Amino acid sequence: MSSFDLKIHPHRRFNPLTREWVLVSPHRTRRPWQGQVEAAASERLQQYDPHCYLCPGNSRAGGVHNPNYDGTFVFENDFAALKPDGAAGELREKELILAISERGRCRVVCFSPRHDLTLARMKVADIERVVEIWTSEFVSLSSQPNIQSVQIFENRGAIMGCSNPHPHGQIWANETIPDQLAKELISSGEYKREHKSGLLEDYLALELEKQERIVAANEQFVALVPFWAIWPFETMIISRRRVPCLTEFNAAEKKGLADILSQVTIRYDNLFNTSFPYTMGFHQVEPTRGNAAGFHFHAHFYPPLLRSATVKKFMVGFEMLAMPQRDITPEAAAETLKKLPGVHYLGAN
Ligand code: H2U
Ligand code: ZN
């Protein structure tokens with residue numbers, strides 16, 4: 001038997017942040033494809049859509065009118081999943097039937113007044129304004145009573161369930177720490193106690209040394225396909241300096257974050273010449289929280305597309321019942337993304 005080769009042999013990879021495994025089957029990239037082929041959504045968008053509930057001046061559910069904003073615009077989600085002042089209580093039967101009330105806030109952030117743009121097509125200076133609004137929202141929501149976690153995210157594209165192409169994201173602030181962040185906080189904290197250094201800090205140093213999975217970088221941030229990626233073109237953006245949240249970034253780092261978001265989303269669009277769908281979000285924690293030790297700000301991009309603008313990966317079968325699995329290796333995905341042009345295929349907007 002030949003010696004173990006990550007490019008050829010089926011193997012499991014460990015995610016030290018969540019302590020979960022992913023099965024990698026690189027030999028399967030050679031199998032013929034007879035699966036789904038969808039028609040590409042190729043609608044041309046207007047700069048202003050009179051029917052869009054996010055465009056400046058238009059009305060939203062309940063009849064509220066958006067202001068004529070010219071940069072970013074934030075509002076309380078009209079269909080919020082969490083409410084600030086619900087009844088507190090719990091239902092508990094033998095630890096088998098358990099429900100606990102959860103309070104919180106939900107906000108919607110419009111990134112631009114232009115209905116037809118996306119982060120990938122916005123100017124870096126305009127993305128900087130989005131970074132500013134994310135930062136101020138993080139500060140104001142974190143300081144409110146009964147809020148322990150502020151999840152900033154963007155759902156992009158109809159196949160991700162995004163309801164509107166107008167560039168926007170959401171913020172959900174919770175009374176408790178959601179599971180994904182909780183797992184990362186535990187592993188980061190334990191790593192810090194054991195190694196006296198940061199988990200992602202050490203991981204980033206390793207990746208910079210190896211140069212096998214780096215997609216893009218600037219002086220403040222690195223974008224890479226994590227060794228343990230599940231989605232075909234999944235990436236993470238990691239700050240070079242270990243800080244627990246957005247509020248700790250200096251002016252150059254805020255600019256750097258806007259720049260790396262632009263670099264990553266442009267490459268994504270250039271991959272299949274399409275407005276690339278994904279779920280993106282930040283993992284961060286307030287520095288004053290007891291569990292912040294060792295935590296390192298980062299973004300996850302989870303994009304579903306696999307081999308074209310229309311063919312996506314499904315998390316079904318073995319993945320629903322057992323564990324996630326991928327065929328194309330993270331190294332091959334990183335190589336593909338890295339080689340793509342850093343200029344958007346549609347040109348300047
Ligand atoms: P998504 O496209 O990512 O679902 O985000 C749009 C959000 O906007 C969604 O959460 C809210 C929805 O509840 N929304 C309003 O707050 N007001 C509206 O008039 C329509 C949609
Ligand atoms: Zn719009």
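Owing to the predicted nature of the structure, the values given are computational and were not obtained by experimental measurement. Ligands are counted one by one from 1 in listed order, and the atoms in each one are counted from 1 as well.
- Any protein N/O/S atom under 2.8 Å from the Zn ion (ligand 2) was counted, giving 4 altogether.
- Residues passing the ring pair (Phe, Tyr, Trp, His ring centres under 6.0 Å) test with F276 are Y268, sequence neighbours excluded.
- Side-chain atoms of D327 and Q325 include a donor-acceptor pair closer than 3.5 Å.
- Residue R114 comes nearest to P167 through the heavy atom pair O-CD, 3.3 Å, listed as atom of the first residue, atom of the second, then distance.
- Ring-plane geometry between Y278 and F301 is classed as perpendicular, the angle between the planes exceeding 60 degrees on a 0 to 90 degree scale with a lower cut at 30.
- Under the 3.5 Å distance criterion, with hydrogens and angles disregarded, no donor-acceptor pair is assigned to the side chains of W134 and E132.
- Side-chain atoms of H300 and H298 form a donor-acceptor pair, as typed in the model, at a separation below 3.5 Å.
- Near ligand 1, residues Y53, R60, A61, F75, N77, D78, F79, V108, N155, C162, S163, N164, H168, Q170 come within 4.0 angstrom through at least one heavy atom.
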Run the side-chain donor-acceptor check on residues 339-349: report pairs under 3.5 Å with partners two or more places apart or on a different chain.
from: H344; atom 1: ND1; to: L346; atom 2: N; distance (Å): 3.0
from: H344; atom 1: NE2; to: D269; atom 2: OD2; distance (Å): 2.7
from: Y345; atom 1: OH; to: N273; atom 2: O; distance (Å): 3.3
from: Y345; atom 1: OH; to: T274; atom 2: N; distance (Å): 3.4
from: N349; atom 1: ND2; to: R121; atom 2: O; distance (Å): 2.3

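- Ring centroids of Y69 and F75 are separated by 6.0 Å or more, keeping the two rings apart.
- Side-chain contact, T18 with N15: a donor N or O sits under 3.5 Å from an acceptor N or O.
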